[in-house]
Undergrad: 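A single structure is presented below for examination.
Both ligands and their constituent atoms are indexed starting at 1 by order of listing.
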Amino acid sequence: MLIQVEDLAHTYAPGTPLAHAALRGVSLEIAPGERVGLVGRTGSGKSTLVQHLAGLLKPTSGRVLLDGVAAHARSSAAQRRKLALAFQYPEHQIFEHTVLREVAFGPRNLGLGKDEVDGRLSWALEMVGLDAEAMGARVPFTLSGGEMRRVALASALAMRPEVLILDEPTAGLDPQGRRELLGRVARWQEEIGLTLILVSHDLDELARVVERVVLLDGGQVAADGPVRQVLSDGDLLRAAGLDVPQPVALLQTLRDAGWDVRTDRLLPQEAVAEIVRGRRALETRG
Ligand SMILES: Nc1ncnc2c1ncn2[C@@H]1O[C@H](COP(=O)(O)OP(=O)(O)OP(=O)(O)O)[C@@H](O)[C@H]1O
Ligand SMILES: [Mg+2]
């Protein structure tokens, strides 16, 4: 699915003293199969933007097109099911009485047969690392924050969408749980060529998954480019209220100390290789 955002603006509570311009002239295009990270400081407009992509908000001006059709005007279930959004606050999304019913809700609504629904249910729960036996009958509102987030994710996955948008998918999960979950989603993304849009404050985590990063600041696109370029640009990120990923910070410190190293190495293993290379260069020089 081709996503086109054209000069999108969104003002909350327009015409009141509480009016707030959350998006101001955002334009971008996301091609089928892309893995895009959406970053920016708190309040920069990330959740507002992904809700527009999901057609949940109506633009104040500008438009969002999904394969040429305005996102908020898509009426048929067939159009809507192609895109799934897991909300930043899963409690806004979950409404069924048990975990199984919650995850099965979307597929059932698509009119799928029982076998297909059951198949998707067990697959989706496994993807997010939830045990159907132990958790299936639980009431979602009695779950921990991390468990509830996994349920919300499973619900989005069970739709088998063409576009999957995860708004802070790993908030509240422990480090190992985050890695496993994103690893599984990323492998699935590659298998089926899904478009994946990840909103995250964890740039180290994003660096492992996405190929492109869109940086929002004050409701505007402050940068949009290859992950290596955007996430290694310390000046750009700091101006937008963010810090560079750890490996980049380390390499920048070494370079400030006189080492001849590249600083656009986002992953720990890449940074180590660069440090080894830089050390050899120092030795041959000295
Ligand atoms: N329903 C609302 N009514 C009024 N203002 C809102 C509403 N929702 C969001 N805002 C404001 O719009 C701006 C953008 O909010 P948004 O939730 O899109 O930011 P965000 O980048 O997702 O932030 P975070 O990283 O904290 O999740 C914020 O200043 C927020 O206070
Ligand atoms: Mg948000």
Undergrad: Does an N or O from Tyr89, backbone or side chain, lie closer than 3.5 Å to an N or O of ligand 1?
TA: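 No, there is no polar N/O contact under 3.5 Å.
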Undergrad: I need the contact type for His20 against ligand 1. Using non-hydrogen atoms and a strict under-4.0 Å cut-off, is it side chain, backbone, both or neither?
TA: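 The side chain, only.
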Undergrad: Taking backbone and side chain together, does Gln88 place any N/O/S atom at a distance below 2.8 Å from the Mg ion (ligand 2)?
TA: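 So Gln88 counts as coordinating the Mg ion (ligand 2), yes.
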Undergrad: Among all the protein's non-hydrogen atoms, which is closest to atom 8 (N) of ligand 1, and how far away is it?
TA: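 Nearest protein contact, heavy atoms only, for atom 8 (N) of ligand 1 is Tyr12 CZ, 3.3 Å.
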Undergrad: Give yes if a backbone or side-chain nitrogen or oxygen of Gly40 is under 3.5 Å from a nitrogen or oxygen of ligand 1, and no if not.
TA: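 Min N/O separation from ligand 1 is not below 3.5 Å for Gly40.
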Undergrad: Regarding Arg160 and the six-membered ring of Trp123, is the cationic atom NZ or CZ under 6.0 Å from the ring centre and inside 45° of its axis?
TA: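 So Arg160 does make the cation-pi contact.
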Undergrad: Measure across Leu215 and Gly40 and return the closest heavy-atom pair with its distance rounded to 0.1 Å.
TA: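 Minimum heavy-atom contact is CD1-CA, 4.1 Å.
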Undergrad: Run the salt-bridge test on Glu274 and Arg262 with the 4.0 Å N-O cut-off and return the result as yes or no.
TA: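 Here Glu274 does not pair with Arg262 in a salt bridge, since their nearest N and O are not under 4.0 Å apart.
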Undergrad: Pick out which of Ile197, Leu198, Leu85, Leu38 makes a side-chain contact (heavy atoms from CB on, under 4.5 Å) with Leu166.
TA: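 Exactly one candidate clears the test, Leu198.
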Undergrad: Out of all atoms in ligand 1, which are within 4.0 Å of some heavy atom of Gly45? Include the element for each.
TA: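 So the atoms of ligand 1 that pass are 14 (C), 18 (O), 19 (O), 20 (P), 21 (O).
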Undergrad: Starting from atom 21 (O) of ligand 1, find the nearest protein heavy-atom neighbour and note its residue, name and distance.
TA: Lys46 NZ, 2.8 Å
Undergrad: In terms of atom number and element, which parts of ligand 1 are under 4.0 angstrom from non-hydrogen atoms of Thr48?
TA: 14 (C), 15 (O), 16 (P), 18 (O)
Undergrad: What I want to find out is whether Arg41 reaches Asp217 closely enough, with some N-O distance under 4.0 Å, to be called a salt bridge.
TA: yes
Undergrad: Below 4.0 angstrom from a heavy atom of Ser44, which ligand 1 atoms are there? Numbered from 1 as shown, please.
TA: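 Reading through ligand 1 atom by atom, the close ones are 19 (O), 21 (O).
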Undergrad: May I ask you to decide if the ring planes of Tyr89 and His92 are parallel, tilted or perpendicular, using 30° and 60° as cut-offs?
TA: tilted
Undergrad: Are a donor atom and an acceptor atom from the side chains of Glu168 and Ser200 found within less than 3.5 Å of each other?
TA: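 Note: Glu168 and Ser200 side chains miss the donor-acceptor criterion.
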Undergrad: Show me which atoms of ligand 1 lie under 4.0 Å from any heavy atom of Ala22.
TA: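 So the atoms of ligand 1 that pass are 12 (O), 13 (C), 14 (C).
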Undergrad: For atom 27 (O) of ligand 1, find the nearest protein heavy atom and state the residue, atom name and distance (0.1 Å precision).
TA: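 For atom 27 (O) of ligand 1, the nearest protein heavy atom is Gln88 NE2, 2.8 Å.
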Undergrad: Taking NZ, NE, NH1 and NH2 as the nitrogens, is one of them in Arg178 or Asp202 under 4.0 Å from a carboxylate oxygen of the other?
TA: yes
Undergrad: With a cut-off of 2.8 Å, does Thr42 put an N/O/S atom close enough to the Mg ion (ligand 2)?
TA: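 Checking Thr42: none of its N, O or S atoms is under 2.8 Å.
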Undergrad: Are any of the protein's heavy atoms under 4.0 angstrom from atom 30 (C) of ligand 1, yes or no?
TA: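 Under 4.0 Å from atom 30 (C) of ligand 1, zero protein heavy atoms found.
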Undergrad: What residue and heavy atom of the protein are closest to atom 14 (C) of ligand 1, and at what distance?
TA: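 The answer is Gly43 O, 3.4 Å.
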Undergrad: Can you hop from Ile3 to Ile165 via hydrophobic side chains spaced under 4.5 Å?
TA: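 Yes, same cluster.
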Undergrad: Considering the heavy atoms of Thr42, write down every atom of ligand 1 situated less than 4.0 Å from one of them.
TA: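 Counting atoms of ligand 1 from 1, those under 4.0 Å from Thr42 are 23 (O), 24 (P), 25 (O), 26 (O).
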Undergrad: With only distance considered, is Glu168 within less than 3.5 Å of ligand 1 through an N or O on each side?
TA: no
Undergrad: Decide whether the shortest distance between a heavy atom of Gln51 and an atom of ligand 1 is less than 4.0 Å.
TA: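 False for this residue.
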Undergrad: What is the nearest protein non-hydrogen atom to atom 17 (O) of ligand 1, stated with its residue, atom name and distance?
TA: Ser47 CB, 3.7 Å
Undergrad: So, Asp7 and Ser27: side-chain donor and acceptor under 3.5 Å apart, yes or no?
TA: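 Per modelled atom types, Asp7 and Ser27 side chains form no pair under 3.5 Å.
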Undergrad: Testing Leu231, Leu267, Val227 one by one against Pro245 for a side-chain contact (heavy atoms from CB on, under 4.5 Å), which residue passes?
TA: Leu231
